[in-house]
K.L.:
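Got a structure for you, written out below as structure tokens; questions coming shortly.
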Amino acid sequence: MAIPSQVSSSQQNVTPENLQQQPPKESLQKNPLPLLGVNIDHVATLRQARGVSYPSPLAAALLCEKAGADGITIHLREDRRHIQDTDVYEIAEQLTTRLNLEMAATTEMLAIACEVQPFWVCLVPEKRAELTTEGGLDVARQKVWLTDYIDKLHNAGIKVSLFIDPNETQIKAAVACQADAIELHTGAYAEMGLAGNIEGQRAELQRIKQAVSIAQHADNKLLINAGHGLTRDNVSAIAQIDGIYELNIGHALVADAVFVGLAQAVTMMKAAMYQ
Ligand code: PXP
């Protein structure tokens with residue numbers, strides 16, 4: 001397998017003009033099989049651990065695309081612990097699939113998103129001390145702020161997804177805020193499996209299936225994504241749920257890549273999804 005050359009993380013040559021030259025934003029159709037969005041945050045985690053310029057998240061994104069990823073997700077956290085602003089601009093400029101920019105619903109992030117114009121923004125809650133995104137966004141409690149925030153992103157031509165727990169209150173609030181998609185948090189489902197609690201995992205799977213059904217009835221144009229904690233061992237039950245549009249997977253896929261390389265890890269994850 002060819003190893004991609006490290007791509008410079010310089011932000012030179014990135015202008016608002018060439019950022020506009022992204023691929024056409026075709027209309028979204030529901031798929032019989034879910035798409036795979038690869039989250040490459042942890043390629044940046046490895047780089048930041050040494051404070052050097054490699055491995056390059058941009059090179060990783062391009063390699064994942066070549067290997068069959070349907071989109072790339074990056075989370076620009078407020079504390080910049082992994083993905084940096086330069087990564088966002090470079091990846092947005094060079095990606096040929098869709099960029100999903102995960103971010104907190106803050107004023108700072110709104111300005112960045114409007115400049116970068118990713119295909120998707122996924123709004124997530126953020127706590128400084130957390131290891132990863134711990135729970136879903138409490139949309140119901142921030143309806144007014146989020147409705148206005150989503151409106152601003154829509155005005156910039158960006159589609160918006162909300163990362164929520166699989167419960168009816170949050171789904172209905174997401175629809176009321178005019179979100180284009182929801183991403184159902186699969187963390188509890190994954191954790192039950194890791195703890196060997198098969199009954200608990202079955203119950204969480206049921207909760208996710210019910211949430212998909214509620215979302216479909218609430219708004220039949222709403223796209224339904226899912227993610228968090230998905231691995232080759234637990235992904236197929238989620239991928240098989242009728243109505244799931246895309247799965248976003250990061251940590252387990254990058255962990256696989258340590259042993260088999262990124263391209264093979266993407267291939268293996270897709271095989272596990274569609275088995
Ligand atoms: N979806 C969202 C909204 C996330 O915040 C994350 C973690 O960054 C993921 C999916 C991917 O989770 P994991 O890294 O556990 O696959």
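Start at 1 and go down the list; that is how both ligands and their atoms are numbered. The residues of the chain are indexed from 1 along the displayed sequence.
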K.L.:
Do the charged groups of E108 and R80 touch, with an N to O distance under 4.0 Å?
P.N.:
yes
K.L.:
At less than 4.0 angstrom from any non-hydrogen atom of V124, what atoms of ligand 1 do you find?
P.N.:
3 (C)
K.L.:
Tell me yes or no: between the side chains of E183 and S161, is some donor less than 3.5 Å from an acceptor?
P.N.:
no
K.L.:
Under 4.0 Å between a Lys/Arg side-chain N and an Asp/Glu carboxylate O for R77 and D41?
P.N.:
no
K.L.:
Taking distance alone, with no angle check, do G229 and ligand 1 share an N/O pair under 3.5 Å?
P.N.:
yes
K.L.:
With a 4.0 Å heavy-atom cut-off (strictly under), which part of H185 contacts ligand 1: side chain, backbone, both or neither?
P.N.:
neither
K.L.:
Mind checking whether C122 has an N or O less than 3.5 Å away from an N or O of ligand 1?
P.N.:
no
K.L.:
For ligand 1, find out whether one of its N or O atoms is nearer than 3.5 Å to an N or O atom of N248.
P.N.:
no
K.L.:
As an exercise, identify every atom of ligand 1 less than 4.0 angstrom from a heavy atom of N39.
P.N.:
8 (O)
K.L.:
Compute whether any side-chain donor of one residue and acceptor of the other, for H228 and N248, lie under 3.5 angstrom apart.
P.N.:
no
K.L.:
Could you verify whether a donor N or O on one side chain and an acceptor N or O on the other, from Q170 and D138, lie under 3.5 Å apart?
P.N.:
yes
K.L.:
Counting both backbone and side chain atoms, is some N or O of E102 under 3.5 Å from an N or O of ligand 1?
P.N.:
yes
K.L.:
Step by step, work out the side-chain hydrogen bond (donor to acceptor under 3.5 Å, both in side chains) result for D87 and H82.
P.N.:
CA-CA 10 Å; D87 298 321; H82 38 54; over 6 Å; no
K.L.:
Report yes or no: do N39 and T73 form a side-chain donor-acceptor pair below 3.5 Å?
P.N.:
no
K.L.:
At less than 4.0 angstrom from any non-hydrogen atom of I249, what atoms of ligand 1 do you find?
P.N.:
16 (O)
K.L.:
Please work out whether any backbone atom (N, CA, C, O) or any side-chain heavy atom from C-beta onward of E183 is under 4.0 Å from ligand 1, and answer side chain, backbone, both or neither.
P.N.:
side chain
K.L.:
As an exercise, identify every atom of ligand 1 less than 4.0 angstrom from a heavy atom of H251.
P.N.:
13 (P), 14 (O), 16 (O)
